[in-house]
2 protein chains.
Amino acid sequence: MKGIAKLASELGISTGTVSRALNGKSDVNAATRARVLEAAQRMGYAPNASARNLAKGATNSIGFMIELNPETASNSDNFFMGVFDGVQSVLMQHGLELLVLPCPTDADPYHYLQRFVARETVDAMIISATQRIDHRIDLLQARGIPFVSLGRSESGAGYSWIDLDVEGVVNESIDRLVAHGHRRIAVTVPRRGINFAELFHASYRSALARHGLPYDPALVIDTAWSELGGYEMTDRLLAVPDRPTAVVLIYEMMALGLYRRLMELGIQPGRDLAVITFRDEPALRFLSPSATCFRMSLHDLGVAVAEAVLAQLPGHRTSPAAPVVQMRWPMVLRPGESDAFTLPPETSRSRVKPRSA
Amino acid sequence: MKGIAKLASELGISTGTVSRALNGKSDVNAATRARVLEAAQRMGYAPNASARNLAKGATNSIGFMIELNPETASNSDNFFMGVFDGVQSVLMQHGLELLVLPCPTDADPYHYLQRFVARETVDAMIISATQRIDHRIDLLQARGIPFVSLGRSESGAGYSWIDLDVEGVVNESIDRLVAHGHRRIAVTVPRRGINFAELFHASYRSALARHGLPYDPALVIDTAWSELGGYEMTDRLLAVPDRPTAVVLIYEMMALGLYRRLMELGIQPGRDLAVITFRDEPALRFLSPSATCFRMSLHDLGVAVAEAVLAQLPGHRTSPAAPVVQMRWPMVLRPGESDAFTLPPETSRSRVKPRSA
DNA sequence: CTGAAAGCGCTTACAG
DNA sequence: CTGAAAGCGCTTACAG
């Protein structure tokens, strides 16, 4: 004998009563409940998850799918760790378990997700690394699984998502650079990638248009999502005809490579080239000159994501909040030295002077 | 009707036969199996995980517990993402699922783990962030749960662990620095933390002893596990009486803060102070002067961990390998410029010259 | 307040 | 090769 049956027989009561005592049902004698709780504690008993889930028709756990492929995993750094903690802080209060599901490099994200969905391993999902066209969203909607997407997609409609406010970041960056006299502003945009890159690109175009500046495809630099990507794109950036005087990086860690290559070339960020990076990151804090970037709370983002999930779970709805959440997560400018100069009108071109020809 | 019963009734056969067909049992008519497979595919059917686990008495999933607290999470960077991918590459071949279980900052790791263990949510566990005394190991051994520890502990005995070869790294670092004429070699060791820090400290002492060098507690700098920790400890490092000429960093990212502070002080790593960092990391590659560190494959480490888990799972043992794996994962020196100088005998002291008094 | 019993959706000896 | 049935360990109406 094992499990609840063993507990019950030791106590000389029925498994039903044990179950009710353990689950905090009100119709249990106080003394009985105390005995049950004590015995469970003493014997290290906890209900078997599979049996419990089967009986209750719910798993009480939320899946959080992340991708391990280099393109998005490099982006992970401490990003997801911070978000997990925020998510957990909410879920724990509701007795829900967070299961992080890492999709391997060589697996198809759609099929990876499908397994968990079809097998009903989780009650709800959080997905990330959203693609422009992302069939995972169609799948989740078709199956009626509650989910929140950390990132937007053009797939589906009326689903909950929370995404970093790329538009805000790009707009503020471009406004700031234009105000400093820049006209030739480059951006780094990985060619293939998550929808985030598309949004970044589109925001860039519209921000330029708002300022009456022409869109020059040559200023959109294809770059790998990594420190190394930042290093490797530097020469291409500087080789663009009518050399750009500023660059906005889609991924913060690219700044490390960019800075290094600029230094090797004798070009000084913040004097010869304005640089704005994306998200404030501990590893960036020690760059010199300090990098202008945008900060946000990973923890709070996680909290918001978890709350958006709860809003879809019957029995966990805290407030009469709308079940569908769609929001861009605000990011706040953290001015640094890397773009702290104004371009004199007459020299607004070819201000970048490499040490050697 | 739903699930396998629905599938069976649509096909006009029993659920038993459907189950056998789906599970690849040999005693099923080929045509029947084909019909079942086709229907399952078409209807997007997959067996309910809870019911299946309950019936089989196994979950076919492996938990990987990580901790989100700042001390270890900062260390996580891309470390765990790389390891997960290696683990997955092995588990997928065995039809096992990897569930990452992130222990929240404000939760007790022991109780967090206990829930999953007592509820039989997973068939085996991988734990990390091992403490010197770590009751999780006692718990897992007492319950007879197969597990592998990514890191050693003084708790328990005869369990499987794989740990980075701290001893090797420290020995090689000290040998190298001593060969370059250094006698006053500092190390950064967080005061409270995982067992890793204890091992680092102990290795340092024994390496010094091997060279007949005295152990000076003042050379053991208490440092936070972060980039900022590296920045903040720099002044204390330089203020140690009979100033050290070299430092070995326990956590690679500390180098970012250290470099920055040294630069502010006009002190040049690799000329005025020898620096050796721990693990090779993309973010370090762009430091100038380049940092001497140790490289390893996160993916291969993950593979080894997964194989150590499989060795304990009946039915998954690939080779007649010993069930208990205990190994230090080798790390290979990647020489950089940060320690590429030899101390002249006569100036082996007070070689560090700050710009200002 | 408690017990007996059905049921959650599977898998698997056991017959045939 | 297939079906009927028991059983996995819980939870929860339903009686009493």
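Worth knowing before you read on, the calculation uses all heavy atoms, side chains too, and leaves out hydrogens, waters and symmetry mates. Here is how names work: the chains are called A, B, and so on, in the same order as the sequence lines, proteins then strands, and each is numbered from 1.
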Specify the residues of residues 27-36 of chain A, ordered by number, for which at least one heavy atom lies under 4.0 angstrom from an atom of DNA chain C. A:D27, A:V28, A:N29, A:T32
Output every pair passing ring pair (Phe, Tyr, Trp, His ring centres under 6.0 Å) with a member in residues 2-44 of chain A, not counting sequence neighbours, ordered by first then second residue. none
Residues forming a side-chain contact (heavy atoms from CB on, under 4.5 Å) with B:D106, sequence neighbours excluded: B:P104
Which nucleotide span of DNA chain C, 5' end to 3' end, has atoms closer than 4.0 Å to non-hydrogen atoms of chain B? C:dG9 to C:dA13
Comparing A:K56 and B:A55 on DNA chain C - which has the more 5′ nearest nucleotide: A:K56
Going by the side chain to side chain donor-acceptor pair (under 3.5 Å) test, which pairs reach into residues 24-33 of chain B, not counting sequence neighbours? none
Atom of B:Q88, atom of B:L98 and distance for their closest heavy-atom approach: OE1-CB, 3.6 Å
Can you name the salt bridge (charged side-chain N to carboxylate O under 4.0 Å, His left out) partners of A:D134, sequence neighbours left out? A:R136
Tell me every residue that passes side-chain contact (heavy atoms from CB on, under 4.5 Å) with A:L301, counting only those two or more places apart in sequence or in another chain. A:F79, A:V83, A:L150, A:I162, A:L164, A:M296, A:V305, A:W329
If a pair satisfies side chain to side chain donor-acceptor pair (under 3.5 Å) and one of its residues is in residues 137-149 of chain A, list it, with sequence neighbours excluded. A:T130-A:S149, A:H135-A:D138
Which residues satisfy the side-chain contact (heavy atoms from CB on, under 4.5 Å) test with A:A58, sequence neighbours excluded? A:D123
Would you sketch DNA chain C in dot-bracket for me? Only Watson-Crick or G-U wobble pairs with both distances under 3.5 Å count, crossing pairs as [ ], other-strand pairs as |, the rest as dots. |||.||||||||.|||
How would you list, by chain and number, every residue that makes a ring pair (Phe, Tyr, Trp, His ring centres under 6.0 Å) with B:Y45, sequence neighbours excluded? none
For DNA chain D, whose closest nucleotide is more 5', that of B:R20 or that of B:A51? B:R20
Base, sugar-phosphate or nothing for A:G3? Non-hydrogen atoms, less than 4.0 Å. sugar-phosphate
Heavy atoms only, 4.0 Å cut-off, all strands: where does B:N53 land among base, sugar-phosphate and nothing? nothing
Listed by chain and number, what are the side-chain contact (heavy atoms from CB on, under 4.5 Å) partners of B:P146, not counting sequence neighbours? B:A124, B:Q312, B:L313
